Amino acid sequence: MRVLVVTAVGAEADSVTAGVSPGGPVTAHRIPGGHTLRRCPDAGTGRGAETGTTVDVLAAGAGPAAAAAATATALTAAATAPGAHGAPAAPGYDLVVSAGIGGGFAGVAPLGSIVVADAIVAADLGAETPDGHLAVEELGFGRSVHRPAVLSERIAEALDAVHAPVLTVSTVTGTAARAAELTARHPRAAAEAMEGFGVAEAAVRHGVPVAEIRAVSNAVGPRDRASWRIGEALEALRNAFRLLSPVLEEEAR
């Protein structure tokens, strides 16, 4: 099984890499667009690439546009790369995972918890009207929701995670009023972040299943940097990918 994990920034990629390949081999591979993949050929098994699970980790940049562009580049590079020494081309990816830290909605996803998306929602894609927000579907074009791979339910169980919608926003929530508005429109939402929908859009267009995993670093609402727990969330993210590795190995069999 070959998996692409897409984060926004290097610190998140560090946590993912440490989780899937603790002390194991990690190699760097350049792809177009100035990006570098971190290749983890053993996905935490410690038995090498022959186990059939390889995880590539990519720090794509913040926001849905950067995430979509970098993910599409990595998927295209994987699908078109020639094999070594005249061998057949390596297979493309079997799964794409958007991963990182994010905000948790009060009463659903507390600080330090893990959320696995059962829907990846572009929460601000659409139009504002006097009667409120209209999703892009209501405007008659596009889509604002992607449904993750069936595997996401097993991932949530393995990670003891909240399994609920994750919202993608281009501007992170910073007021109680905005948090209340999002909760009213998406009452089951557990977390918000900035990249999931972009990653999902690229993956779906390439015909690859997608999942999203978030470690909660702050509460969605008024911007209070003193209450953020970024270090704890990055450690929770590392542990989540440690727990994920056996699921991927089983899926590869």
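When a residue number appears, it is its place in the shown sequence, counting from 1. Computed from a predicted model, the values in this text were never measured in an experiment.
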message: Between Arg214 and Glu195, does any NZ, NE, NH1 or NH2 come within less than 4.0 Å of an OD or OE carboxylate oxygen?
response: yes
- prompt: Within the side chain of Glu201, is there an N or O that forms a donor-acceptor pair under 3.5 Å with the backbone of Gly198?
  reply: no
query: Looking only at heavy atoms, which two atoms of Ile114 and Leu237 are closest? And how far apart?
result: CD1-N, 4.4 Å
Backbone of Ala8 reached by a side-chain donor or acceptor of Glu12 within 3.5 Å: yes
field: Hydrophobic cluster identity match, Val16 and Leu243, side-chain contacts under 4.5 Å
entry: yes
Val145 side chain reached by Ile120 side chain, heavy atoms, under 4.5 Å: no
query: Between Ser227 and Asp224, is there a donor-acceptor pair closer than 3.5 Å when you use the side chain of the first and the backbone of the second?
result: yes
- prompt: Any side-chain heavy atom of Val121 within less than 4.5 Å of one from His186?
  reply: yes
field: Note: Asp94-Arg2 ion pair, threshold 4.0 Å (strictly below)
entry: no
Whether Ser152 side chain and Pro148 backbone form a donor-acceptor pair below 3.5 Å: no
- prompt: Does Arg242 use its side chain to pair, donor to acceptor, with the backbone of Pro22 at less than 3.5 Å?
  reply: no
Expected output: side-chain Thr76 to main-chain Thr73 donor-acceptor under 3.5 Å: no
query: In terms of heavy-atom contacts, does CZ of Arg223 have more than 12 from other residues, nucleotides or ligands at under 6.0 Å?
result: no
query: Below 4.5 Å, heavy atoms only, C-beta onward: do Arg143 and Val204 meet side chain to side chain?
result: yes
Option among Thr171, Thr173, Thr183 that satisfies the side-chain contact (heavy atoms from CB on, under 4.5 Å) test with Arg178: Thr173
task: Of all the heavy-atom pairs spanning Cys40 and Asp56, show the shortest one and how long it is.
output: N-OD1, 4.5 Å
query: Which pair of heavy atoms, one from Arg185 and one from His133, lies closest together, and at what distance?
result: NH1-CD2, 3.2 Å
query: So do the side chains of Val247 and Leu151 get within less than 4.5 Å of each other, counting heavy atoms only?
result: yes
- request: Walk me through it: do Ser15 and Glu235 pass the test side-chain hydrogen bond (donor to acceptor under 3.5 Å, both in side chains)?
  value: CA-CA 7 Å; Ser15 292; Glu235 175 58 22; over 6 Å; no
Closest non-hydrogen atom pair, Ala123 against Leu182: CB-CD2, 4.0 Å
- prompt: Going by atom types only, do Arg229 and Ser217 share a side-chain donor-acceptor pair under 3.5 Å?
  reply: no
query: Just wondering, more than 12 heavy atoms not from Glu138 lying within 6.0 Å of its CD?
result: yes
task: Please check if the side chain of Thr71 supplies one atom and the backbone of Val199 the other of a donor-acceptor pair under 3.5 Å.
output: no
- request: Could you check if a side-chain atom of Leu234 sits within less than 4.5 angstrom of a side-chain atom of Ile101, using non-hydrogen atoms only?
  value: yes
query: Can you find a pair of side-chain heavy atoms, one from Glu232 and one from Leu111, that are under 4.5 Å apart?
result: no
field: Leu37 and Val57, any side-chain heavy atoms less than 4.5 Å apart
entry: no
message: What I want to find out is whether Arg238 reaches Asp14 closely enough, with some N-O distance under 4.0 Å, to be called a salt bridge.
response: no
field: Considering all heavy atoms, the nearest Trp228-Asn218 contact
entry: CD1-CB, 3.4 Å
Contact check, side chains of Leu4 and Leu95, non-hydrogen atoms, under 4.5 Å: no
- request: Please assess Arg147 against Asp118 for the test salt bridge (Lys or Arg N to Asp or Glu O under 4.0 Å), listing each intermediate value before the final yes or no.
  value: CA-CA 6 Å; Arg147 299 295 174 184; Asp118 70 0; 5.2 Å; no
- prompt: Ala202 and Leu75: which non-hydrogen atoms are nearest, and at how many Å?
  reply: O-CD1, 3.8 Å
